[in-house]
Amino acid sequence: GAGVSQTPSNKVTEKGKYVELRCDPISGHTALYWYRQSLGQGPEFLIYFQGTGAADDSGLPNDRFFAVRPEGSVSTLKIQRTERGDSAVYLCASSLGGAAWDSPLHFGNGTRLTVT
Amino acid sequence: GDSVTQMEGPVTLSEEAFLTINCTYTATGYPSLFWYVQYPGEGLQLLLKATKADDKGSNKGFEATYRKETTSFHLEKGSVQVSDSAVYFCALINSGGSNYKLTFGKGTLLTVNP
């Protein structure tokens, strides 16, 4: 079956521009996660959705970052006034929900964002 | 806060060599421990896990044992193959905190040569 799909796979934007990154989770997965992976680092948690609502957005670095999941399926990560420090690979994952040690996360291939 | 420390890479081995990638952690409570693998051009995928002390996770010939006394979860494989070339991430979830939030190490790049 289809895995987690992220689009675009690569995005180059100029400093100060607005970007949207899309995630299509596995069908039937109620939990959705966004992580950010900077060069040479492991993925870092950004936000977690259970259904339509953001259950935990404590990892979003500042108020330029926002994510939505209006119908409980597709999610969009939105970054306003991009900065060069936002350059990273943005990973989306989904799961059946519940504790992550019982319900493994399935990751997409990521969107590589480059801010020039 | 919680943290995971992995051995620095890259690691380069010949086919059929023995592999160890060290991982230690710091966490309050009783974390669950994971190894994730990222093959070239693919997304992260769960390789194995252990949810309590002395548990051994295993998959595809890889093993790791949850050692609470040394706060470690080292990944081992007796005989690596070229197809094992990938980036390996150690990670934890702290059961005393958010049960959905993974904390990852920096990753270790493994290259296996024929």
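So that the names make sense, note that chain A is the first sequence line, chain B the second, and so on, each numbered from 1.
To the nearest 0.5 Å, atom CG of residue L46(A) and atom NZ of residue K101(B) are 10.5 Å apart.
Follow the hydrophobic side-chain contacts under 4.5 Å out from Y25(B) and you reach Y88(B) in the same cluster. Taking hydrophobic clusters as Ile, Leu, Val, Met, Phe, Trp and Tyr residues chained together by side-chain heavy-atom distances below 4.5 Å, V4(B) does not share a cluster with F34(B). Residue F89(B) is not grouped with residue L92(B) when hydrophobic side chains (ILVMFWY) are merged at heavy-atom distances under 4.5 angstrom, including chains of intermediate members.
Residue L44(B) comes nearest to P43(A) through the heavy atom pair CD1-CG, 3.7 Å, listed as atom of the first residue, atom of the second, then distance. Contact detail for D56(A) and Y100(B): the closest heavy-atom pair is OD2-OH, 2.5 Å.
Shown here is Q41(A), whose CD atom has more than 12 heavy atoms of other residues, nucleotides or ligands within 6.0 Å. When the shell of 6.0 Å around CD of E8(B) is examined, it contains 12 or fewer heavy atoms from other residues, nucleotides or ligands. Under a cut-off of 6.0 angstrom, the local environment of CZ in F65(A) is crowded, with over 12 non-hydrogen atoms contributed by other residues, nucleotides or ligands.
Of the two parts of L91(A), only the side chain, counted from C-beta on, holds a non-hydrogen atom closer than 4.5 Å to a non-hydrogen atom of chain B. Looking at Q6(A), there are no atoms closer than 4.5 Å to chain B (heavy atoms on both sides), in backbone or side chain. Heavy atoms closer than 4.5 Å to chain B are found nowhere in S95(A), neither backbone nor side chain.
P104(A) is not listed as a side-chain neighbour of K49(B), based on a closest heavy-atom distance of 4.5 Å or more. In this structure, Y35(A) and L102(B) have side chains that are in contact, with non-hydrogen atoms separated by less than 4.5 Å.
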